[in-house]
There are 2 protein chains.
Amino acid sequence: VRRRPGGRSARVRRAVLAATIEELAEVGYGAFGFDGVARRAGVHRTTLYRRWRSREDLLVDAIAEYAQVAVPIPDTGSVRDDLLRYATSIVRSVAQPTIRAVVAAYVAEADHNPELAEAVRRYWADRRRLARAMVDRAIERGELPASADADRVFDHVLGPIYLRLLVTREPLAEAELARIVDSALAAARTPSAPGTA
Amino acid sequence: VRRRPGGRSARVRRAVLAATIEELAEVGYGAFGFDGVARRAGVHRTTLYRRWRSREDLLVDAIAEYAQVAVPIPDTGSVRDDLLRYATSIVRSVAQPTIRAVVAAYVAEADHNPELAEAVRRYWADRRRLARAMVDRAIERGELPASADADRVFDHVLGPIYLRLLVTREPLAEAELARIVDSALAAARTPSAPGTA
């Protein structure tokens with residue numbers, strides 16, 4: 001069966017993925033499973049078993065779907081503006097109580113759940129790959145040197161944001177994001193000391 | 001009663017704080033409390049009630065005591081070496097299963113527990129204040145410009161470490177810490193674009 005995008009199948013998928021985030025945020029990882037998600041989405045649980053191998057797969061699909069919509073990769077023509085928009089949408093996402101709860105749940109759970117840990121790693125490898133486009137385009141435009149390391153930019157934009165929102169719980173005004181982005185860009189323009197890369 | 005440092009009172013305190021980390025890592029935040037910690041430390045629970053107002057106070061004292069020993073503020077005469085040692089001891093601490101469990105627990109719990117959230121903020125404000133010495137000394141030695149912002153250095157050293165160890169779960173070799181430190185130093189040497197600080 002060929003599935004039309006936007007057809008019933010796509011609608012069911014979106015409903016299930018949205019229900020997954022809500023269900024996990026509400027019941028916590030221990031009680032999170034196909035039955036609760038199916039009930040919340042108003043679908044039969046066999047619908048879930050047909051499409052997802054495990055609750056870990058389902059969760060990572062749900063986070064990826066959320067991120068694709070809420071944290072798109074901007075293409076403004078300026079790497080600084082791209083990174084600022086990107087950082088702003090990350091901060092707004094992590095400010096959502098359901099998203100905070102989901103991140104907190106997988107941070108707490110993944111140490112005891114190798115399948116979840118692996119699914120989380122796959123998710124982030126994909127987000128990193130997508131974000132690389134912002135740095136690649138900046139290099140093409142001559143805004144950043146060819147040596148600029150997209151992974152380094154990623155670490156220095158997302159790192160301070162997650163540190164402050166989740167770990168240290170210090171306020172992070174959107175105005176401060178410009179400083180974080182400028183720091184990441186300064187790092188991307190500066191080679192490491194010799195012999196230390 | 002004047003208490004000698006290193007006397008019985010100090011030994012009891014250290015035993016209780018070590019038991020606090022172990023107890024929380026083992027039972028999780030829900031079941032964590034004075035009774036379990038007292039039992040594990042082999043002291044009467046009134047000993048705990050006399051010294052700590054709440055389990056949140058106790059937890060933050062325990063983390064602070066751990067950090068003071070495991071993540072000291074180095075003073076090597078070089079800001080790069082100081083930050084590298086500091087970063088290395090953070091990575092080694094967060095690699096400890098008990099410490100990971102404690103951080104994961106407070107990340108997951110603090111959204112629902114304002115007293116814990118406030119205690120966590122106090123803890124990190126203190127860690128930030130202590131770490132400032134590394135940047136202050138670098139400015140005095142002329143290694144960093146007077147405009148260097150210690151909070152920014154802190155965010156860009158700790159941010160990528162916590163991001164990768166807790167959130168994205170990507171491997172972080174100790175050799176990569178030099179790049180993280182160099183990025184933080186590049187940021188400290190580069191002013192923000194005009195009008196954006």
Side-chain angles (χ1 to χ4, degrees), chain A residues 28-29 80 84 97 100-101 103-112 117-118 120-121 123-125 127-128 149 151-164 166-172 175-193 195-197, chain B residues 28-29 80 84 97 100-101 103-112 117-118 120-121 123-125 127-128 149 151-164 166-172 175-193 195-197:
Chain A
Y29 209 92
R80 187 168 188 271
L84 261 176
R100 291 183 68 81
V103 177
Y106 78 65
V107 165
E109 180 68 18
D111 271 350
H112 315 288
E118 186 47 40
V120 166
R121 267 191 294 270
Y123 164 76
W124 280 105
R127 295 300 297 169
R128 219 179 243 286
D149 179 343
D151 286 328
R152 200 170 178 181
V153 172
F154 189 89
D155 285 348
H156 285 278
V157 172
L158 273 72
I161 292 173
Y162 276 91
L163 177 75
R164 288 176 58 171
L166 286 180
V167 180
T168 70
R169 306 187 68 87
E170 294 158 299
L172 178 58
E176 286 182 76
L177 295 181
R179 304 200 62 173
I180 290 173
V181 164
D182 286 336
S183 294
L185 289 173
R189 291 186 171 114
T190 309
S192 242
T196 59
Chain B
Y29 210 91
R80 185 168 189 272
L84 260 175
R100 291 183 70 82
V103 176
Y106 78 65
V107 165
E109 179 69 18
D111 271 350
H112 316 288
E118 185 48 40
V120 165
R121 268 191 294 271
Y123 165 75
W124 280 104
R127 295 300 298 169
R128 219 179 244 287
D149 179 343
D151 286 329
R152 197 170 179 183
V153 172
F154 189 88
D155 285 349
H156 285 277
V157 171
L158 273 71
I161 292 174
Y162 275 92
L163 177 74
R164 288 175 58 172
L166 285 180
V167 181
T168 70
R169 305 187 69 85
E170 295 158 300
L172 178 57
E176 286 182 75
L177 296 181
R179 304 200 62 172
I180 290 174
V181 164
D182 287 336
S183 295
L185 289 173
R189 293 186 171 113
T190 309
S192 243
T196 59

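Chain A is the first sequence line, chain B the second, and so forth, proteins listed ahead of strands; every chain is numbered from 1. A quick note: this is a predicted structure, and the numbers were derived from the prediction, not measured.
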**Request:** Please determine, among A:Ala184, A:Ala186, A:Ala117, A:Pro160, the option with the most heavy-atom pairs under 4.5 Å with chain B.
**Result:** A:Pro160
**Closest-packed option against chain B by number of heavy-atom pairs under 4.5 Å, given A:Leu185, A:Val120, A:Val167** = A:Val167
Contact winner vs chain A - [options], heavy-atom pairs under 4.5 Å:
{"options": "B:Val181, B:Ile180, B:Thr168, B:Val107", "value": "B:Thr168"}
{"options": "B:Arg128, B:Arg121, B:His156, B:Arg164", "value": "B:His156"}
{"options": "B:Ala110, B:Pro97, B:Ala108, B:Ala101", "value": "B:Ala110"}
{"options": "B:Ala188, B:Gly28, B:Ala187", "value": "B:Ala187"}

**salt bridge (Lys or Arg N to Asp or Glu O under 4.0 Å) assessment of A:Arg169 paired with B:Asp111** = CA-CA 10 Å; A:Arg169 306 187 68 87; B:Asp111 271 350; 2.9 Å; yes
**Prompt:** Should B:Asp155 and A:Arg179 count as side-chain neighbours, where that means a heavy-atom distance under 4.5 Å?
**Reply:** no
**Prompt:** Heavy-atom distance under 4.5 Å between the side chains of B:Tyr162 and A:Leu166, does that happen here?
**Reply:** no
**Message:** Taking side-chain hydrogen bond (donor to acceptor under 3.5 Å, both in side chains) as the definition, give me every residue that meets it alongside A:Arg189, ordered by chain and number, with sequence neighbours left out.
**Reply:** none
**Asked** Contact part of B:Ala105 toward chain A, heavy-atom cut-off under 4.5 Å: side chain, backbone, both or neither?
**Response** neither
**Item:** Separation of A:Asp149 CG from B:Ser183 OG (nearest 0.5 Å)
**Value:** 8.5 Å
**Asked** Roughly how far, to the nearest 0.5 Å, is the CH2 atom of A:Trp124 from the CD atom of B:Glu170?
**Response** 8.5 Å
